[in-house]
Amino acid sequence: MFHEQAGLVIDAIAKNSAYGAFVSQIQIARPPQLKAGDLSLALFRMAKELAMTPPALAQEIADNTVFPDCVESVSVAGPYLNIFFKRPAFAQALLKAVQDKNYGTTDEGKGQKVLIEHTSINPNASPHIGRARNAIIGDSVSRLMRFLNYQVEVHYYVNDMGKQIAMLVLACRDKPDVVFHEILDIYVEANKRLEEDPAFEQEVFGLLKKFEEGDQTVRNDFRRIADICVAGQKGILNGINIDYDVFDYESDFLRNEELEEKLAVLEKSGTVFLDEDKRLVLDLQKLGFSREEGRYSVLKRGNGSTMYGYRDFAYHMYKLAIATGKENNIVVLGEDHKLYFEQLSLVLEAFGYTPPSAIHYSFIRLSEGKMSTRKGSVVLLEDFLEEAHQRVKEKIKTNTSDLSETELDELAHIIAVGAVRFGVIKVKPNSNIVFDWDQALSFEGDTGPYIQYSYVRAQSILRAAGAYVAPLDGLTCAISDEAWELLLSLSLFDDVLLRAKKTINPAMIAQYMIEIAQKFNKFYHSVHILSNEDQNVVALGLGLCQATGRVIENGMMLLGIQLPEKM
RNA sequence: GCGCCCGUAGCUCAACUGGAUAGAGCACCUGCCUUCUAAGCAGGAUGUUGCAGGUUCGAGCCCUGCCGGGCGCACCA
């Protein structure tokens, strides 16, 4: 909404024929301080086009432009032309706009199909918080794009035939009743054995070969383990409001005629060749890869079994048939896959496809070092969530006593999930995160519970106001700075969403939620709404509670976080 | 060794992609609950944006070189 108002101002400036198309060079921003203005137009570039100094241009525009009705006054501050809006009119427009349940949405994605692949954890163990970062980012991006009216399909790629699952199959042979929570220990054990016992590794490779040859018993064994793991992982992720539309199984991309044909073409140019050990090798330098390191990639082992990359090429061809175009095909990958993804992209381009966009996230580290499954130094998502749940429960008990045990658990769950998801998503994907229990489980300041609490406050006021409907049209009172700052921020919601989409960075939404909550709380403390004798102040206050509620509802929904009515 | 990412207040992170005096939270100090929820608010203190150059009207952001951390570099996925 803010940018619509800015657009009106720029349109008015463009009416002067001397400026013409140069107005597109105006940079829109917010002034550093409220007293400087509401909208700031930086004129550096436009002045350059007109061979003027920016301050002179600012003064000239200020003198010669008939500004639209929404403008109260303008002021020149060096190279900036600052605009003050008419507060009551702006407030009315915003409070009207938030009546729409979908406030913040745009037609950005109309008619476009998007495929997002995320999580795709190896089926071996309960996800730790580092892996959950993938799922939390991917889910938030999916929600954002859905909200912007893209037709989104979320895929989870199950690596049901890698080396690690073959190890598990061997290790679970004499355990017909194995359950999900035992898998982690078994996996750690199997890894140890792999290092010590070369025969075990040969057994693993042999099993993979049988799998590829279609041995039905082996296939059933693999599927049994994979299903236990996938069901276990899915259950945990569902617990933090993450879900998927389609589960793709790697083993379905084992034989692919189309891929074989494309590889045959590459073989003619020497891009793909059989080496002295009969391995099928890809030479990426032939596709424009410039470095020596990472130049080669093995597609098939000497015994003819395929490697991950081979199957992944086939998988990406399948995904590209569902959604095309870089922006509409998204995959969330750890930073360890950066080089691999570069290689994958080169191959897909050589095949004539546009490769997907990748969001690479950095690993979450512990203060004592990196997480290691083998050392047992991992923070499992379920343990983290459980700890959060307990701490939230304690906190609730000190505040209220009139909740049943069930209600208590439901409320604690909503707040705990909010704390966990918000803590992960508020940091942009490529920033390193150092995980610290106390910091991660704080409920004060820049946290999910703080946003939830602010929402609850707003709802509480609306509840107390009952059926009172704020008369939006006759808003004549002076609008305080606290109310005005909140209004301006609320009006930027759609712009934040578009920027978050453009940069595929949902952290931006979380940062914006913090801004909204802070400004709402400042406003809340600046005036007592319900007891105010001025009905205009009551009307504006209730309108702002409603608007804040709407923006937090929509914003937190995009982050997969629910909102309690009380807390 | 080579490549990519990160380095911002004591700690954890922002900074609208090159714009005005670099901002929040935690921790620390001082105030504010007989008034719509104190998981809150107000105020205080905290910086050579890792270091050194360069590009320009203007650099935390771009370029070069160092330093520190992370990730990766052909039968793991």
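Reckoned from all heavy atoms, side chains included, excluding hydrogens, waters and symmetry mates.
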For the side chain of [X], starting at C-beta, report the closest nucleotide among [options].
X        : options                : value
A:Gln27  : B:rG19, B:rC13, B:rC73 : B:rG19
A:His525 : B:rG40, B:rA24, B:rC75 : B:rG40
A:Val281 : B:rG40, B:rA74, B:rA77 : B:rA74
A:His528 : B:rC36, B:rA24, B:rA39 : B:rC36
A:Asp446 : B:rA24, B:rC16, B:rG1  : B:rA24
A:Arg499 : B:rC16, B:rG19, B:rA77 : B:rC16
A:Glu335 : B:rC71, B:rA39, B:rU35 : B:rC71
A:Pro31  : B:rC36, B:rA20, B:rA77 : B:rA20

- Message: So for atom CZ, which belongs to A:Arg311, do other residues, nucleotides or ligands contribute more than 12 heavy atoms lying within a distance under 6.0 Å?
- Response: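 Check passes, neighbour count above 12.
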Think [X] has a side-chain N or O under 4.0 angstrom from the OP1 or OP2 of [N]?
X        : N      : value
A:Ser431 : B:rA14 : yes
A:Arg301 : B:rA77 : yes
A:Lys428 : B:rA14 : yes
A:Arg457 : B:rA38 : yes
A:Tyr524 : B:rA38 : yes
A:Tyr450 : B:rC41 : yes
A:Tyr453 : B:rA39 : yes
A:Asn430 : B:rC6  : yes
A:Lys522 : B:rA42 : yes
A:Lys338 : B:rG72 : no

Counting only Watson-Crick or G-U wobble pairs whose two distances fall under 3.5 Å, which nucleotide matches [N]?
N      : answer
B:rU37 : none
B:rA14 : none
B:rC66 : B:rG50
B:rG43 : B:rC29
B:rC57 : B:rG19

- Query: What about A:Ser40: does its side chain form a donor-acceptor pair under 3.5 Å with the base of B:rA20?
  - Reply: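 By the distance-only test, yes, there is a pair.
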- Task: Check if the side chain of A:Asp438 and the base of B:rA27 share a donor-acceptor pair of N or O atoms closer than 3.5 Å.
- Result: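 Answer no: no donor N or O sits under 3.5 Å from an acceptor.
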- Take A:Tyr453 and A:Met567 through the side chain to side chain contact (heavy atoms under 4.5 Å, CB included) test and state the conclusion after the steps. CA-CA 7 Å; A:Tyr453 179 75; A:Met567 66 187 280; 4.0 Å; yes
- Query: Would you say the side-chain atoms of A:Ser442 pair up with the backbone N or O of A:Gln439, donor to acceptor, closer than 3.5 Å?
  - Reply: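 Absent.
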- Task: Over 60° means perpendicular and under 30° means parallel, so classify the ring planes of A:His389 and A:His413, tilted if in between.
- Result: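 The rings of A:His413 and A:His389 sit tilted, inter-plane angle from 30° to 60°.
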What is the nucleic acid contact for [X], judged by heavy atoms within less than 4.0 Å: base, sugar-phosphate only, or nothing?
X        : value
A:Asp436 : nothing
A:Val527 : base
A:Met508 : nothing
A:Glu250 : sugar-phosphate

- Task: Tell me, please, whether A:Tyr524 has A:Arg457 positioned over its six-membered ring: NZ or CZ under 6.0 Å from the ring centre and within 45 degrees of its axis?
- Result: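 Yes, a cation-pi geometry.
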- A:Phe384 and A:Phe435: aromatic ring centres closer than 6.0 Å?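 Close enough - the centres of the two rings lie under 6.0 Å apart.
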- For the residue pair A:Tyr450 and A:Phe422, is the inter-centroid distance of their aromatic rings smaller than 6.0 Å?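 Between A:Tyr450 and A:Phe422, the centre distance exceeds or equals 6.0 Å.
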